[in-house]
Every structure is written in structure tokens, then in C-alpha cells.
Amino acid sequence: MNAQRLAIHRDRIDQGARAVAEEVPVAFTYGRTTYAVMMATPEDLEDFAYGFSFTEGVAAPHEIAEIEIVRHPKGVELRMNLCDDRDVALMNRRRKLAGPVGCGLCGVESLEAAIAPVRHVASDIRISRDDIFSALERIGAHQILNRQTHAVHGAGFWPAGGNDFKAVREDVGRHNALDKLCGALAREGSDARDGIVFLTSRVSIEMVQKSAAMQAPIVVAMSAPTALAIRTAEEAGITLVAVAREDGFEVFTHPNRIREAA
């Protein structure tokens with residue numbers, strides 16, 4: 001949407017409109033019971049439903065029997081029905097989560113749940129530094145909403161040896177953008193195992209946990225990782241590349257998948 005604003009410069013004052021990102025509560029409901037409420041950008045919501053359900057361990061895409069997007073005056077409900085077996089399993093481990101923008105840990109019931117063991121990623125994939133530099137050059141062209149608002153994160157999938165992103169999703173929450181990417185790949189029948197998950201944000205533990213759930217062997221981020229994210233990527237077997245810039249990048253874990261580093 002466009003918002004009216006007053007821009008005050010050193011030598012002038014301008015009045016006009018600026019494109020701003022929408023942010024609304026998005027409720028994930030399974031069997032009409034709320035499981036989580038996230039603040040998110042109200043786009044690519046079906047991808048969000050599939051991706052969040054998968055990376056949070058609620059249900060794989062084939063275990064979701066039905067999705068209905070219900071728009072309310074104050075937000076959006078992603079109303080899902082699961083296959084019978086998953087519905088029972090969810091009842092046994094239900095949690096309620098209400099957090100700020102893309103907050104992936106708010107509402108977790110224990111410290112152990114917050115830092116749970118991650119899935120191990122086994123992959124013999126190899127990429128070159130040119131793959132990473134090419135992804136850096138192309139990501140801006142796919143961030144349409146960010147060009148308009150300068151307020152959203154992006155997550156994309158770059159196939160190894162490819163010349164462009166297969167999918168890019170944007171959101172005000174970095175975790176949400178990654179969940180949407182996961183959902184988009186799942187709906188296309190694609191696999192994150194054969195390329196790079198590219199993030200425009202910093203790398204926290206939740207981003208590594210979600211990437212591990214996607215079985216992504218290589219994660220590249222434009223910003224820096226946290227210490228816990230590095231330890232988690234090491235444990236998961238993920239090659240973590242961060243501080244990616246036009247003139248270089250830093251490899252923190254499992255450098256053997258980068259030909260020049262190996």
C-alpha cells in the first residue's frame with residue numbers, strides 16, 4: 001500500500017506517498033484450533049501454510065488434506081485439515097504460539113524445545129563461488145516488494161549450476177520468507193537438496209533449523225550468523241556461508257561443498 005509522508009531533507013521538505021509493506025496477523029489453524037499466530041506479509045499464503053506446517057514439524061505437504069484461506073477484518077486465517085493420523089499426533093504435542101514478526105521461538109514451552117536436535121543433512125553436492133556470486137547479482141531482480149518498500153526479507157532457491165533462482169519469496173519476517181520458500185518448492189515437487197537456500201537476512205538458529213528440515217545442504221546469507229546458528233549448522237552438516245557481498249563471502253561450516261574452499 002502507499003502511505004502519505006513528509007520527507008524532511010537538509011535543504012527542502014517534500015510531501016507525497018511512499019510504498020510500505022503490509023503486516024497482518026496470520027493464524028494457523030488445524031481442525032479449527034489455533035496452533036500459531038504470526039505477523040506476516042499477506043502474500044503467497046498457501047506457500048506459507050505448507051512451508052510453516054512442514055518446518056515446524058506439524059505436517060508434510062501430503063499430510064494436509066485441505067487448506068482454506070479465510071480473510072477476517074483484522075487478519076487472515078490459514079484453515080487446514082490434516083489427515084487423521086497427523087491430526088491425532090498434533091493433539092498430542094500442541095503448542096500455542098503468538099509472536100512478533102516472524103518470531104520463531106516465542107511460545108515454545110521449554111528451553112529443550114527451543115534448541116531441539118536438528119535433522120542431519122547428508123549431501124555430496126558441490127558448487128563453485130561463481131554460483132554464489134551469480135545468486136548475489138540476481139536476488140535484487142526478484143525482490144519486487146523490497147524494491148518498493150525497502151522493508152522485507154527474501155529467501156530464494158538457487159539450483160546448483162543454474163543461472164537464476166527457481167523461486168524467491170518475500171515477507172516482513174525472515175522466518176516467514178523461508179517458510180514460504182519451503183512451501184513453494186514443496187508445491188512444485190522440487191527439492192532443496194540440489195542447490196542453495198539464499199537469505200537476505202542474518203542467520204539465527206531458527207533459520208538453520210528450518211533449512212535442516214528442508215534438507216538444504218548449503219545456506220548462503222547476506223548478513224552475519226549468530227554463534228548458535230554456526231554450532232547448529234555444524235551439527236546439522238550444513239555448509240553455512242554468510243556476509244556474502246559482491247567482493248567475497250565467508251564460509252563458517254563444512255567448506256568441502258565449495259570447490260575453491262575444499
Side-chain angles (χ1 to χ4, degrees), residues 43-44 46-48 50-52 54-55 60-62 118-147 152-171 174-203 207-223 225 229 233 236-262:
E43 296 182 12
D44 301 306
E46 195 165 347
D47 291 340
F48 197 15
Y50 278 110
F52 178 90
F54 181 63
T55 63
H62 69 275
V118 291
R119 292 181 62 187
H120 189 267
V121 180
S123 173
D124 295 328
I125 190 174
R126 296 288 186 275
I127 66 168
S128 73
R129 59 186 170 193
D130 289 339
D131 285 303
I132 295 175
F133 287 132
S134 295
L136 275 165
E137 291 174 359
R138 292 291 302 153
I139 187 64
H142 292 271
Q143 286 198 272
I144 299 171
L145 185 57
N146 192 56
R147 286 204 307 272
V152 297
H153 300 287
F157 179 70
W158 183 278
N163 56 16
D164 206 350
F165 283 95
K166 188 165 191 175
V168 174
R169 292 294 183 267
E170 296 178 283
D171 199 278
R174 53 201 167 89
H175 311 95
N176 300 342
L178 184 54
D179 279 337
K180 289 180 178 181
L181 175 67
C182 176
L185 293 177
R187 293 176 65 197
E188 292 177 0
S190 300
D191 197 326
R193 300 170 197 257
D194 61 353
I196 302 167
V197 166
F198 190 95
L199 309 172
T200 63
S201 63
R202 68 182 177 90
V203 188
M207 304 299 276
V208 176
Q209 289 170 331
K210 289 179 182 290
S211 297
M214 296 168 63
Q215 289 289 281
I218 303 170
V219 175
V220 176
M222 295 176 67
S223 194
I238 291 175
T239 299
L240 179 58
V241 178
V243 199
R245 301 286 189 270
E246 293 180 358
D247 60 346
F249 52 82
E250 300 176 18
V251 186
F252 289 87
T253 60
H254 299 282
N256 54 298
R257 294 195 182 99
I258 313 294
R259 292 192 185 101
E260 291 80 4

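Nearest heavy atoms, Ile125 versus Pro217: CG2-CG, 3.6 Å. Here the closest non-hydrogen pair linking Ala213 and Phe54 is O-CE2, 3.2 Å. Annotation for Ala242 and Ser223: closest pair CB-O, 3.3 Å, computed over non-hydrogen atoms. In terms of heavy-atom proximity, Ala221 sits nearest to Ser201 at CB-O, 3.5 Å. Taking each heavy atom of Met222 and Ile139 in turn, the nearest pair found is SD-CG2, 4.5 Å.
You'll find the side chain of Val197 reaches within 4.5 Å of the side chain of Met214, heavy atoms only. At least one side-chain heavy atom of Gln143 sits under 4.5 Å from a side-chain heavy atom of Thr200. With contacts defined as side-chain heavy-atom distances shorter than 4.5 Å, the pair Ser134/Trp158 qualifies. Contact of the Ile196 side chain with the Phe157 side chain is not registered, since no non-hydrogen atoms from C-beta on lie closer than 4.5 Å. Taking the side chain as every heavy atom from C-beta outward, Ile132 and Ile127 approach each other to under 4.5 Å. Between Val243 and Phe249 the shortest side-chain heavy-atom distance does not fall below 4.5 Å. At a threshold of 4.5 Å between non-hydrogen side-chain atoms, the residues Leu240 and Pro225 count as touching. Using a 4.5 Å heavy-atom cutoff, the side chains of Leu199 and Val220 are not in contact.
Screening Val121, Val118, Val219 for a side-chain contact (heavy atoms from CB on, under 4.5 Å) involving Ser211 leaves a single residue, Val219.
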Please list, one pair per line, the donor and acceptor atoms closer than 3.5 Å that link side chains of residues 161-170 to other protein atoms, with sequence neighbours excluded.
from	atom 1	to	atom 2	distance (Å)
Asp164	OD1	Arg138	NE	3.3
Asp164	OD1	His142	NE2	2.7
Asp164	OD2	Arg138	NH2	3.0
Lys166	NZ	Ser190	OG	3.0
Arg169	NE	Asp47	OD2	2.8
Arg169	NH2	Asp47	OD2	3.1
Glu170	OE1	Ile144	N	3.4
Glu170	OE1	Leu145	N	3.0
Glu170	OE2	Asn146	N	3.0

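Contact check on Arg245 versus Asp247 returns no salt bridge, with no Lys/Arg side-chain nitrogen under 4.0 Å from an Asp/Glu carboxylate oxygen.
A donor-acceptor pair under 3.5 Å is formed between the side chain of Thr253 and the backbone N or O of Ile238. Between the side chain of Arg147 and the backbone N or O of Gly140 there is at least one donor-acceptor pair closer than 3.5 Å. Here the side chain of Lys180 pairs no donor or acceptor atom with the backbone of Tyr50 at under 3.5 angstrom. Not a single donor-acceptor pair under 3.5 Å links the side chain of Gln215 to the backbone N or O of Ser123. At least one donor-acceptor pair closer than 3.5 Å links the side chain of Glu260 to the backbone N or O of Arg129.
For the 3.5 Å distance criterion, the side chains of Thr239 and Arg257 qualify, holding a donor opposite an acceptor.
Between Asn176 atom CG and Leu181 atom CG the span is 12.5 Å, to the nearest 0.5 Å. In this structure, CZ in Arg259 is found 9.5 Å from CG in Asp130, a value given to the nearest 0.5 Å.
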Practice task
Report the C-alpha separation of Met207 and Leu178 in whole Å, then their side-chain angles, then the decisive distance to 0.1 Å, and conclude whether the side-chain contact (heavy atoms from CB on, under 4.5 Å) test is met.
Solution key: CA-CA 8 Å; Met207 304 299 276; Leu178 184 54; 4.1 Å; yes

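Remark: Ala177 pairs with Ala155, Asp171 by the side-chain contact (heavy atoms from CB on, under 4.5 Å) rule, at least two apart or across chains.
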